[in-house]
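A quick note: this is a predicted structure, and the numbers were derived from the prediction, not measured. Only heavy atoms go into these numbers, but all of them, side chains included; no hydrogens, no water, no symmetry mates. When a ligand or atom number is given, it counts from 1 through the structure's own listing order.
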Amino acid sequence: MQDATYELLKRQILRFLDLDLEAYKQRQMRRRLDTWVEQNGKDQDEQVFVTGLGTRSELLKDLRDTLTINVTEFFRDQAQWNELEQKVLPELLAGSSRLKIWSAGCSSGDEPYSVAMLLDEAGRGTTSSLLATDLDPGSLQKAQAGGPYTADALKNVGATRRASYFRDVDGRFQVVDVLRRRVEFKPLNLLKDSFGSGYDLILCRNVTIYFDPPVKAALTRRFYEALKPGGYLFIGATEALLGAEGDGFTRTNGNFYQRGELAVARTPRVARAA
Ligand SMILES: C[S@@+](CC[C@H](N)C(=O)[O-])C[C@H]1O[C@@H](n2cnc3c(N)ncnc32)[C@H](O)[C@@H]1O
């Protein structure tokens, strides 16, 4: 599409979907939107198509789905979950039986429900709090309803957990109510909404990979502030936090970063670089 159409589309997305695309990696975003406009507006002048989007709710929903990329599954990247189960959670639970945990960018709930299973097995499901947030209302609706999930989404869930935490409904899987009630789901846009503090563990996995590097760095600093000293940030298997050590984190394992015990004096990154 023409540059002017792309700029118009970004304004339409901000207006109708409340999503500021300036914070996302531009090249990826442009490619994705080029394809979307090509597929959905093929019989029309593209400028006219983009201008008329505001009144086409089905198309707007589809556009939101295209932009949010909500691919997920239970215990995604299993080796990291073993680390969580065997090292990180036991360490945190040794310090407190009431953990405060947040899954940021939780998509359809597979990730926070995976944490809920681990807490339940550790006997701390009822005392700990588990918040899960996302900006996509469709994903949150499925998460809140506890599914149903496909067999593929459960491919890393063993038979015992399947039997304890899911009901098979005609070949699709519904999370049992006792687990569902342990997670509080809420809409939250990481780029503009404020968020709480005092977390023992924040999971933000496969979300910031779409963000522009300075936006991602600023968000990492906000996660730091939101964690308790000694708390952990758990990121996606293919991700890394550049400069995390300078920001007061210690990388304890490939995808776990621990906030230092004492808050470090923090200088804005721009000033440091100058
Ligand atoms: C690929 S999914 C990751 C789901 C899960 N964390 C995982 O790793 O399996 C990315 C999620 O991030 C959400 N997301 C993207 N931008 C966001 C933002 N600005 N604020 C909150 N959530 C966002 C999307 O809606 C989507 O559900």
Side-chain angles (χ1 to χ4, degrees), residues 10 13-14 16-26 28-29 32-33 36 60-81 83-84 101-118 130-145 147 149-150 152-157 175 183-196 199 201-223 226 232-241 254-257:
K10 284 201 285 191
I13 289 169
L14 183 60
F16 295 108
L17 298 178
D18 196 21
L19 249 175
D20 184 0
L21 294 196
E22 295 302 335
Y24 292 76
K25 287 181 185 157
Q26 289 306 300
Q28 276 182 7
M29 203 43 93
R32 203 167 310 139
L33 286 173
W36 188 83
L60 283 173
K61 185 181 170 310
D62 187 74
L63 180 55
R64 188 195 283 277
D65 288 345
T66 302
L67 294 172
T68 51
I69 314 169
N70 37 31
V71 182
T72 186
E73 63 187 30
F74 292 87
F75 299 102
R76 179 178 188 181
D77 301 310
Q78 209 165 16
Q80 300 308 321
W81 286 87
E83 176 79 11
L84 180 66
I101 300 178
W102 173 27
S103 162
C106 66
S107 189
S108 47
D110 314 38
E111 179 178 281
Y113 285 132
S114 302
V115 180
M117 287 181 231
L118 298 185
L130 187 39
L131 171 70
T133 63
D134 201 282
L135 60 64
D136 180 28
S139 296
L140 280 177
Q141 207 173 13
K142 176 173 173 181
Q144 248 150 356
Y149 299 97
T150 61
D152 195 46
L154 270 77
K155 65 177 187 285
N156 293 330
V157 181
V175 168
V183 188
E184 182 193 4
F185 290 98
K186 272 193 194 163
L188 186 142
N189 184 343
L190 290 166
L191 299 174
K192 58 182 271 210
D193 296 331
S194 56
F195 41 79
Y199 291 101
L201 171 67
I202 297 175
L203 299 91
C204 189
R205 310 174 64 233
N206 308 299
V207 178
T208 66
I209 35 172
Y210 307 110
F211 295 168
D212 209 27
V215 173
K216 180 176 165 171
L219 190 59
T220 304
R221 288 195 291 278
R222 291 182 67 205
F223 284 143
Y232 283 91
L233 176 62
F234 179 13
I235 63 171
T238 59
E239 301 175 77
L241 293 186
N255 302 102
F256 289 89
Y257 291 81

Closest approach of any protein heavy atom to [atom], naming residue and atom:
atom                    : answer
atom 7 (C) of ligand 1  : Arg76 NH1, 3.3 Å
atom 11 (C) of ligand 1 : Asp134 OD2, 3.7 Å
atom 21 (C) of ligand 1 : Leu188 O, 3.3 Å
atom 14 (N) of ligand 1 : Val207 CG1, 4.0 Å
atom 18 (C) of ligand 1 : Leu135 CD2, 3.1 Å
atom 26 (C) of ligand 1 : Thr68 O, 3.3 Å
atom 4 (C) of ligand 1  : Gly105 O, 3.4 Å
atom 20 (N) of ligand 1 : Leu190 N, 2.9 Å

Verify, without hydrogens or angle tests, whether [X] (side chain) and [Y] (backbone) share a donor-acceptor contact under 3.5 angstrom.
X      : Y      : result
Glu111 : Ser103 : no
Tyr24  : Met29  : no
Asp212 : Pro214 : no

In terms of atom number and element, which parts of ligand 1 are under 4.0 angstrom from non-hydrogen atoms of [X]?
X      : result
Asp136 : 25 (O)
Leu191 : 19 (N)
Ser107 : 4 (C), 27 (O)
Arg205 : 3 (C), 5 (C), 6 (N), 7 (C), 8 (O)
Thr72  : 4 (C), 5 (C), 7 (C), 9 (O)

For the residue pair Asn70 / Thr72, report whether a side-chain donor-acceptor contact shorter than 3.5 Å exists.
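Asn70 and Thr72 do not have a side-chain donor-acceptor pair below 3.5 Å.
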Would you tell me which option among Glu73, Glu111, Arg64 has the nearest heavy-atom contact to atom 5 (C) of ligand 1?
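Nearest heavy atom to atom 5 (C) of ligand 1 lies in Glu111.
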For atom 2 (S) of ligand 1, the option (of Asp110, Ile69, Asn189) bearing the nearest heavy atom:
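Checking each option, the heavy atom nearest atom 2 (S) of ligand 1 is found in Ile69.
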Hey, does Leu118 have a side-chain heavy atom less than 4.5 Å from the side chain of Phe75?
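Heavy-atom side-chain distance check passes, below 4.5 Å.
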Taking the six-membered ring for Trp and the full ring for Phe, Tyr or His, determine whether the centres of Trp81 and Phe74 are under 6.0 Å apart.
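No: the rings miss the under 6.0 Å criterion.
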Counting only nitrogen or oxygen atoms and a 3.5 angstrom limit, does [X] reach ligand 1?
X      : result
Asn206 : yes
Tyr210 : no
Tyr24  : yes
Ser139 : no

Below 30° counts as parallel, above 60° as perpendicular, anything between as tilted: where do the rings of Tyr232 and Phe256 land?
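Answer is perpendicular, since the angle exceeds 60°.
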Using heavy atoms and a threshold below 4.0 Å, how should the contact between Phe211 and ligand 1 be classified: side chain, backbone, both, or neither?
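Near ligand 1, Phe211 shows its side chain, while the N, CA, C and O stay back.
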Compare every heavy atom of [Y] with every heavy atom of [X], then report the nearest pair and how far apart it is.
X      : Y      : answer
Phe185 : Gly109 : CE2-CA, 4.0 Å
Gln144 : Tyr113 : O-OH, 4.3 Å
Leu190 : Leu219 : O-CD1, 3.7 Å
Leu130 : Pro112 : CD2-O, 3.5 Å
Cys204 : Glu239 : O-OE2, 4.2 Å

